[in-house]
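Heads up, the thing below is written out as structure tokens.
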2 protein chains.
Amino acid sequence: MKNLIREIRMEMGLTQDEISESLEVSRQTIISLEKGRYNPSLILAFKIAKLFNRSIEEIFDPEEME
Amino acid sequence: MKNLIREIRMEMGLTQDEISESLEVSRQTIISLEKGRYNPSLILAFKIAKLFNRSIEEIFDPEEME
DNA sequence: GTTGAATGTCAAGTAAACTTTACGTACAAT
DNA sequence: ATTGTACGTAAAGTTTACTTGACATTCAAC
């Protein structure tokens, strides 16, 4: 699923490793997420939104969903 | 994860079976969701938000997440 | 030129979301 | 009394999120 994780992360000057620790997931998960390779769980999305101080809707783009 | 799915569904006069079809998931998934038995995927959360015409944050409560 | 930090890939494994089927209960309508 | 609708449980299976570990690449710093 498309998202702005990479952009926001770099804006904040953080590395993949750093946010993987903050979010308590593996760095692989961050890489895959940034590449849009999968659909995170809602809890992970909430954690990311909190870390980035943005709403889920601002970060993730469900694209064509129907 | 806690949520208002049941409340909103009943407010809209829909059955579990009806929304499971709209959301393209099984009725079991709706039952488990309403019971807070798990964490949906972000896509499912987006679909629910769209069906209910509310934001994800209005429907789901991440509770204590840290 | 080599060291270290940051990013990436690949592959195998585990955990959990989600499905399917089968069955139980409650209740309203006939 | 039985039929249909709505809700629930349980158990086994499939799919996919997420982990772990090993290794490759780029680039800036020394």
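Throughout, a chain's letter reflects where its sequence line sits, starting with A, and its residues are numbered from 1.
Among residues two or more places apart in sequence or in another chain, the salt bridge (Lys or Arg N to Asp or Glu O under 4.0 Å) test is passed with B:Arg27 by none. A:Leu14 pairs by the side chain to side chain contact (heavy atoms under 4.5 Å, CB included) definition with A:Arg9, A:Met12, A:Glu18, A:Ile19, not counting sequence neighbours. The side-chain hydrogen bond (donor to acceptor under 3.5 Å, both in side chains) check on B:Arg6 picks up B:Glu34, with sequence neighbours excluded. Scored by the side chain to side chain contact (heavy atoms under 4.5 Å, CB included) test, B:Ser41 finds B:Ile43, B:Leu44 as partners (sequence neighbours excluded). Applying the side-chain hydrogen bond (donor to acceptor under 3.5 Å, both in side chains) rule to A:Ser26 yields the partners A:Thr29; only residues at least two apart in sequence or on another chain are considered. In this structure, A:Ser22 has no side-chain hydrogen bond (donor to acceptor under 3.5 Å, both in side chains) partners at least two apart in sequence or on a different chain. For A:Ser55, the side chain to side chain contact (heavy atoms under 4.5 Å, CB included) test picks out A:Glu57, A:Glu58, B:Glu57, with sequence neighbours left out. By the side chain to side chain contact (heavy atoms under 4.5 Å, CB included) test, B:Glu7 pairs with B:Leu4, sequence neighbours left out.
Whole-Å rounding puts the A:Phe60 CZ to D:dA17 C1' distance at 13 Å. Put simply, CD1 on B:Ile19 is 19 Å from P on D:dT5, counting in whole angstrom units. Between the CG atom of A:Asp17 and the P atom of D:dT20 there is a distance of 13 Å, rounded to whole Å. Residue A:Met1 contributes atom CE, which lies 12 Å from atom P of D:dC18 at whole-angstrom precision.
Heavy-atom minimum distance, B:Asp61 versus B:Met1: O-CG, 3.8 Å. The minimum heavy-atom distance between A:Ile56 and A:Ala45, with the atom names listed, is CG1-O, 4.0 Å. Smallest separation of non-hydrogen atoms from B:Ala49 and B:Ile59: CA-CD1, 3.6 Å.
The nearest heavy atom of DNA chain C to A:Arg27 and to B:Arg27 marks one nucleotide each, and the one closer to the 5' end goes with A:Arg27. Two residues, B:Gln28 and A:Gln28, neighbour DNA chain D, and the one matched to the more 5' nucleotide by heavy-atom proximity is B:Gln28.
Read 5' to 3', the first and last nucleotides of DNA chain C with an atom closer than 4.0 Å to a heavy atom of chain A are C:dA6 to C:dC10.
Residue contacts for A:Ser26: at a heavy-atom cut-off of 4.0 Å it reaches a base atom on one of the strands shown.
One distance of note links CG of B:Leu42 with CG of A:Asn39; it measures 6.5 Å at 0.5 Å rounding.
Of all the residues in residues 4-16 of chain A, not one reaches under 4.0 Å from DNA chain D with any non-hydrogen atom. For the segment residues 30-39 of chain B, the set of residues with a heavy atom within less than 4.0 Å of an atom of DNA chain D comprises B:Ile31, B:Lys35, B:Arg37, in numerical order.
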Pairwise N/O distances under 3.5 Å, protein to nucleotides 26-29 of chain D:
none

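Within the 4.5 Å cutoff, side-chain heavy atoms of A:Leu33 are placed close to those of A:Ile48.
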